[in-house]
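Accompanying notes for the structure given below.
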Amino acid sequence: MKLILAIINNDDSQVVSTNLMKEGFSVTKLATTGGFLMAGNTTFLIGTDDEKVEQVVQIISKYSSKRKQIIPTTTSYATGYYSNFPVEVNVGGATVFVMNVERFEKL
């Protein structure tokens with residue numbers, strides 16, 4: 001048995017969740033915040049049999065898309081002046097961890 005921990009952008013979380021459940025996977029969702037952009041994410045906890053891991057990863061990959069976003073940044077100069085300018089960053093997609101489960105019980 002495996003535990004899949006998947007961190008997904010909030011914009012994609014509903015469609016990922018819907019499609020995982022449609023295929024019969026049980027999903028626990030946690031609201032999380034990323035450290036870099038301080039933006040909302042959803043972390044999914046999915047327990048599944050070893051042979052179904054690839055199916056879960058394919059569903060997550062299909063429904064979580066990468067996209068570009070403009071974010072403001074502030075740069076300080078040695079003279080004490082600050083300048084704001086936009087920077088383009090990649091957001092979305094998914095970060096997926098697959099871990100072995102030593103023991104599973106549903107009580």
Side-chain angles (χ1 to χ4, degrees):
M1 175 158 238
K2 302 288 186 191
L3 174 65
I4 301 170
L5 184 107
I7 304 165
I8 306 204
N9 186 284
N10 273 348
D11 294 340
D12 300 323
S13 67
Q14 187 62 43
V15 68
V16 170
S17 177
T18 299
N19 283 282
L20 284 168
M21 289 188 293
K22 187 167 43 171
E23 293 297 321
F25 295 103
S26 297
V27 178
T28 298
K29 299 192 305 182
L30 305 171
T32 54
T33 302
F36 176 62
L37 296 176
M38 300 304 290
N41 295 316
T42 301
T43 299
F44 290 84
L45 302 174
I46 307 154
T48 191
D49 296 322
D50 291 13
E51 62 271 3
K52 293 185 179 181
V53 168
E54 197 54 41
Q55 183 183 2
V56 171
V57 172
Q58 287 176 356
I59 292 168
I60 293 169
S61 178
K62 182 176 180 179
Y63 295 103
S64 56
S65 59
K66 288 185 180 180
R67 53 198 159 275
K68 299 210 181 274
Q69 180 176 331
I70 304 293
I71 62 164
T73 62
T74 303
T75 300
S76 68
Y77 298 100
T79 58
Y81 291 102
Y82 294 91
S83 174
N84 290 328
F85 60 94
V87 174
E88 187 175 71
V89 296
N90 290 319
V91 297
T95 302
V96 178
F97 300 90
V98 179
M99 297 167 273
N100 290 320
V101 174
E102 187 175 316
R103 180 175 171 178
F104 170 75
E105 292 183 33
K106 196 166 186 174
L107 305 173

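As the structure is a prediction and not an experimental result, all values here were calculated from the model.
Val57 and Tyr63 end up in the same hydrophobic cluster when Ile, Leu, Val, Met, Phe, Trp and Tyr side chains are linked at under 4.5 Å. Tracing side-chain contacts under 4.5 Å through hydrophobic residues (I, L, V, M, F, W, Y), one never reaches Met99 starting from Ile4; they form parts of separate clusters. Linking ILVMFWY side-chain heavy atoms closer than 4.5 Å, directly or via other members, places Val53 and Ile46 in a single hydrophobic cluster. Hydrophobic clustering (ILVMFWY, side-chain heavy atoms < 4.5 Å, transitive): Phe44 and Val15 are in one cluster. Cluster membership check: Val16 shares its hydrophobic cluster with Val27, using side-chain heavy-atom separations under 4.5 Å among Ile, Leu, Val, Met, Phe, Trp and Tyr.
When every heavy atom of Val96 is checked against every heavy atom of Ala6, the shortest pair comes out as CG2-CB, 4.2 Å. When every heavy atom of Ala94 is checked against every heavy atom of Ser64, the shortest pair comes out as CB-OG, 3.6 Å.
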Report task. Go through the steps to decide whether Phe25 and Ile59 satisfy the test side chain to side chain contact (heavy atoms under 4.5 Å, CB included), and finish with yes or no. Result -> CA-CA 11 Å; Phe25 295 103; Ile59 292 168; 4.1 Å; yes
Requested in this report: List the steps and the verdict of side chain to side chain contact (heavy atoms under 4.5 Å, CB included) for Asp49 and Lys2.
Outcome: CA-CA 6 Å; Asp49 296 322; Lys2 302 288 186 191; over 6 Å; no
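Of the inter-residue distances, the one linking Leu30 atom CG with Thr42 atom OG1 reads 9.0 Å to the nearest 0.5 angstrom. In this structure, CG in Leu20 is found 9.0 Å from CD in Gln55, a value given to the nearest 0.5 Å. Distance check, rounded to the nearest 0.5 Å: CG of Asn9 to OG1 of Thr95 gives 10.5 Å. One finds the CD1 atom of Ile8 at 10.5 Å from the OG atom of Ser65 (value rounded to the nearest 0.5 Å). Annotation: the span from Thr28 atom OG1 to Leu3 atom CG amounts to 9.5 Å, rounded to 0.5 Å. The CG atom of Leu45 sits 12.0 Å away from atom CZ of Phe97, with the distance rounded to the nearest 0.5 Å.
Judged by distance alone, with hydrogens and angles left aside, the side-chain atoms of Ser17 form no donor-acceptor pair with the main-chain N or O of Ser13 at under 3.5 Å. At least one donor-acceptor pair under 3.5 Å links the side chain of Asp50 to the backbone N or O of Met1.
Sparse packing is recorded around NZ of Lys52, with 12 or fewer heavy atoms of other residues, nucleotides or ligands lying under 6.0 Å away.
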